[in-house]
Each structure stands twice: as structure tokens, then as C-alpha cells.
Amino acid sequence: MKIEKTSFNKYVEENVFRTINEYNLINQNEKIMIGVSGGKDSILTLHMLHNYRLKNDMDFEIKAVCIDEGIEGYREEGIKTAKENCKKLDIPLTVYSFKEEWGYPLDDIHDVYKSTCMPCGVYRRYLLNKISDKENCDKIATGHNMDDEIQSFLMTFARNDQNKFPKFTPILDKIHENMTPRIKPLWKLPEKDVGIWCVINDIPIHDEECPYSVTSLRSEVKMFLNDIEEKKKGTKESIFRSFEKTFTIKQEKVRLNTCELCGQPTAKSPCKACEITKEIKSIIIH
Ligand code: SF4
């Protein structure tokens, strides 16, 4: 199938800009931090926010942060592409690592839990929030696309975790004084279109799979959804529309506490990052 570059770019930009405008994701004079891994989703988010600022003649600050989990032979390439794209767009980028924060890379603790993605996700979310709070950022923009949201949605059912339902929106409110609201500009953009955009525009991206992704429930849910979509086109979009209409649980109902050990926002204290750090240290030090 031949894709016409100009009209495809227009479609992608309109899709993302519409989400930003409809949900009021960005305001004048805000400081927006983007979590950039070097993968296609975060790279598209970076370019879209840059274009949005230019084309709407807006004045807001963009800074990029790359988290180095410590996955040898994998993360280095992502950092390289993140740097390349940030340099091209003249966006400042800072790299923070698990090793600096906790004293060990992900590679050293990958087999402590059944899924490596669990500690990785907990640490990454923790670090992004801590950095954004320290740097007085107004929002954290992430590269979650429509497929990611559908996967997360089905995963909450699989885990009977209704507490996560309020997270299915393109913007998460500030529900704790140290919590930076998250925005998801690609919320309504299918994953395949993110990939096509990067290819037809010759954008450097890191498109390898993380070696630990096979251990995650997400990767199984992703395969399951792709399989159904292959057989019945439009299934993903239908699931997305259903949860968009059905789940209107107000975020105000969810209030966060403060971790007694680190002071970061948490549902219950101590926070998950402090809890797993204690467990991990007791295993790797003994
Ligand atoms: Fe971390 Fe899992 Fe993502 Fe790899 S796939 S970077 S382990 S969350």
C-alpha cells in the first residue's frame, strides 16, 4: 500500500493536536518534561510537541529526560537516538540512571521478580516523577499510544485492579503536591501509524525489542490483540471506544498519600519503589 507522505503527516499531526486541544494538555508558559527512550512513540511525542509549539506560536518549555535502566547491549542505542533527535530539534536532554539512583543497573536485578518489567516500570515512573518535581515541571508527556492504552486497560481486568481505571485518560490530574500530572498526546493514535510516520519521515529511532519484554503480561496481551485485529479489523478501535465511553471514574476520588521513607506520592506507604528496593537489597547483598 502506497502512503502519500504529506497527507499522512497531516493526519498524524491533526490527530495529536486534536487530543492536545480537546483535553487541554498544554498551556502557555508551562514547562513540559518528555520521557524519551529513543523508541518510536517517545520520538514522535518529541517531534509533535515541538511542531505544536511552532505551529501554534506558543510559548512553553520542553525538556527531555532519558532513563538509563542499565540494560547492556540495548539501552545505549536508545540513548543515542534520543540524543540525535533532541539535538536536531534543539531540545535539552538529560540522562538519569537506575545505577546512580539505586546503586545497581536493571541487569543486576532482572531475575529477582517473575517479570523484569515490574521493578523497571516502578523505578522508571518513580524517577520521572522525582526529576519533574525537583525541576518544577508542570507536566510529564509520555509516548503512550492507543494500543498501549488498550493493553493497559485489558491488563487491569486480568489483574482485577480497578484502582487503575481512573488512569485511562490522556491527562492525569495533580492528586498530590509532589506529583506531576502526566499527559499522553498520542492517546488516540494507533501504534502502526506511529511506526509509519517514523519510516516515511526518515526519523532515527531505536526499534529493537527490550530483551526482558518477553517476561511481561503486556507482551502477551499485545500479541493477543494483534492476533484478533488481524482476523477482525477494527477490534482495537472498538475496545478503545468502549472504555472511553464506559469508564468515567473521577480522578478526584483517588487521593494519594506520602511515602514515609522517601516523601514521594504513593497509594500506600512505604511506596512501591522503597518496598522493592528493600527486598532487592536484602537479596543482592546477602
Ligand atoms: Fe523495562 Fe520491561 Fe520496558 Fe524492558 S520491556 S524497558 S524491562 S518495562
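Just so you know, ligand 1 is whichever comes first in the structure, and atom 1 is the first atom listed for that ligand. These numbers come from a predicted model, not from an experiment.
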- Query: Can you tell me how far the SG atom of Cys66 sits from the NZ atom of Lys83, to the nearest 0.5 Å?
  - Reply: 8.5 Å

- Per-atom filter on ligand 1: closer than 4.0 angstrom to a heavy atom of Ser213 are 5 (S)

- Task: May I ask you to check whether Tyr11 and Trp197 place their ring centres under 6.0 Å from each other?
- Result: no

- Query: Is atom 4 (Fe) of ligand 1 less than 2.8 Å from an N/O/S atom of Cys117, whether that atom is in the backbone or a side chain?
  - Reply: no

- Message: In terms of relative ring orientation, are Phe240 and Trp187 parallel, tilted or perpendicular, with 30° and 60° separating the classes?
- Response: perpendicular

- Which protein heavy atom lies closest to atom 3 (Fe) of ligand 1, and at what distance to 0.1 Å? Arg124 NH1, 4.2 Å

- Query: When rounded to the nearest 0.5 angstrom, what distance separates CG in Leu93 from CD1 in Ile62?
  - Reply: 13.0 Å

- May I ask which of Tyr123, Tyr212, Tyr74 has a heavy atom nearer to atom 7 (S) of ligand 1 than the others do? Tyr212

- Output the list of atoms in ligand 1 that are nearer than 4.0 Å to some heavy atom of Cys210, sorted by atom number. 4 (Fe), 5 (S), 6 (S), 7 (S)

- Message: Please list the nearest protein heavy atom to atom 1 (Fe) of ligand 1 with its residue and the distance rounded to 0.1 Å.
- Response: Cys120 SG, 2.3 Å

- Message: Tell me whether Lys80 is salt-bridged to Glu77, with the criterion being a basic N under 4.0 Å from an acidic carboxylate O.
- Response: yes

